[in-house]
Amino acid sequence: MYSFMAGGLFCASVGNILLVVCTATDYWVQYRLQGALAHQGLWRYCLVGKCYLQTENIAYWNATRAFMILSALSCFAGIITGILSFAHPSTFERFNRSFAAGITFFVSMLFVLLAMAVYTGVTVNFLGKRFGDWRFSWSYILGWVALLMTFFAGIFYMCAYRMHGCQRVAETR
């Protein structure tokens, strides 16, 4: 049970770091604009070595930003719950901290999935028609890797919850 929880905690910690890094960096998309290489993130865009804040109030950027921030916060809450379940096994029958941590990681994964789906759909439609030479970059890829890490963290904590339930049933017999 503790090995599943440790694996989940590792995946969640890596996933949370990746969520923060990919949300904060400026390399979601790279493209050529007037012969120069440009790149943009959720907060800034950079042209010819100078970066500018994105002051436009565009709905898909706002949605992606909000979902990414919610994902990082829920992943952090899951890490705290996971540490608490590791340190102090739950004494309540109906509330198990491993189960709560697993659900929190799945919620974090859902927020990342929503953010990445919104960003991907709009970016492919917009940039695909406007620019011929563009590509998703490493910050965007880190978002997908963070999705996988939070998913596996949830799986590990659900396995730990199942093992805890099986141990409790075996002890009552």
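All values derive from a computational prediction rather than experimental measurement.
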So CE of Met5 and OH of Tyr157: to nearest 0.5 Å the spacing works out to 5.0 Å

Tightest non-hydrogen contact, residues Leu47 and Ala38, listed as CD2-CB, 3.3 Å

For Phe152 and Cys11, the nearest pair of non-hydrogen atoms, with its separation, is CB-SG, 4.2 Å

**OP:** Just say parallel, tilted or perpendicular for the rings of Trp28 and Tyr119, cut-offs at 30° and 60°.
**Re:** perpendicular

Is there side-chain contact between Ser13 and Ile79, with heavy atoms separated by less than 4.5 Å? yes

If you look only at distance, which donor and acceptor atoms sit under 3.5 Å apart when one is on a side chain in residues 14-23 and the other is two or more places apart or in another chain?
from  : atom 1 : to    : atom 2 : distance (Å)
Thr23 : OG1    : Leu19 : O      : 2.7

- Message: As a quick check of understanding, evaluate ring-ring contact (aromatic ring centres under 6.0 Å, His included) for Phe136 and Trp138, giving each step before the final call.
- Response: CA-CA 7 Å; Phe136 290 113; Trp138 61 268; over 10 Å; no

Note to self: Between Arg65 and Trp43, does the side-chain contact (heavy atoms from CB on, under 4.5 Å) criterion hold? Intermediate values first, please.
What the structure shows: CA-CA 8 Å; Arg65 291 172 188 158; Trp43 311 98; 3.4 Å; yes

The test is side-chain contact (heavy atoms from CB on, under 4.5 Å); show your working for Phe105 and Cys75 and say whether it passes. CA-CA 6 Å; Phe105 293 134; Cys75 187; 4.2 Å; yes

Of all heavy-atom pairs linking Met68 and Ala115, the shortest is SD-CB, 3.6 Å

Rounding to 0.5 Å, atoms CG (Leu70) and CG (Leu114) come to a distance of 10.0 Å

Here the gap from Met109 atom CE to Thr104 atom OG1, rounded to the nearest 0.5 Å, amounts to 12.5 Å

Of all heavy-atom pairs linking Cys51 and Asp26, the shortest is SG-OD2, 4.5 Å

Counting heavy atoms not belonging to Phe76, are there more than 12 under 6.0 Å from its CZ?
no

Establish whether Ile58 and Leu53 are linked, either directly or via other cluster members, by ILVMFWY side-chain heavy-atom contacts under 4.5 Å.
no

Notebook entry, point to check: Are any of the side-chain heavy atoms of Met116 and Phe67 separated by less than 4.5 Å?
Noted result: no

Between Trp134 and Leu37, is there shared hydrophobic-cluster membership here, with clusters defined by ILVMFWY side-chain heavy atoms closer than 4.5 Å? no

Take Trp144 and Leu113 through the test side-chain contact (heavy atoms from CB on, under 4.5 Å) and record every step on the way to the result. CA-CA 8 Å; Trp144 285 108; Leu113 181 62; 4.1 Å; yes

Nearest heavy-atom contact between Ser98 and Ser85 is N-CB, 3.7 Å

dist Tyr45:OH -> Glu56:CD (nearest 0.5 Å) comes out at 6.0 Å

dist Ile69:CD1 -> Ser74:OG (nearest 0.5 Å) comes out at 12.0 Å

Closest heavy-atom pair, Gln30 versus Tyr27, reported as atoms and distance to 0.1 Å, is NE2-CD2, 3.4 Å

Sorted by chain and residue number, the side chain to side chain donor-acceptor pair (under 3.5 Å) partners of Ser71 (sequence neighbours excluded) come out as Ser108

* Side chain proximity check, Gln40 to Tyr31, heavy atoms < 4.5 angstrom -> yes

In this structure, OG1 of Thr123 is separated from OH of Tyr140 (nearest 0.5 Å) by 7.5 Å

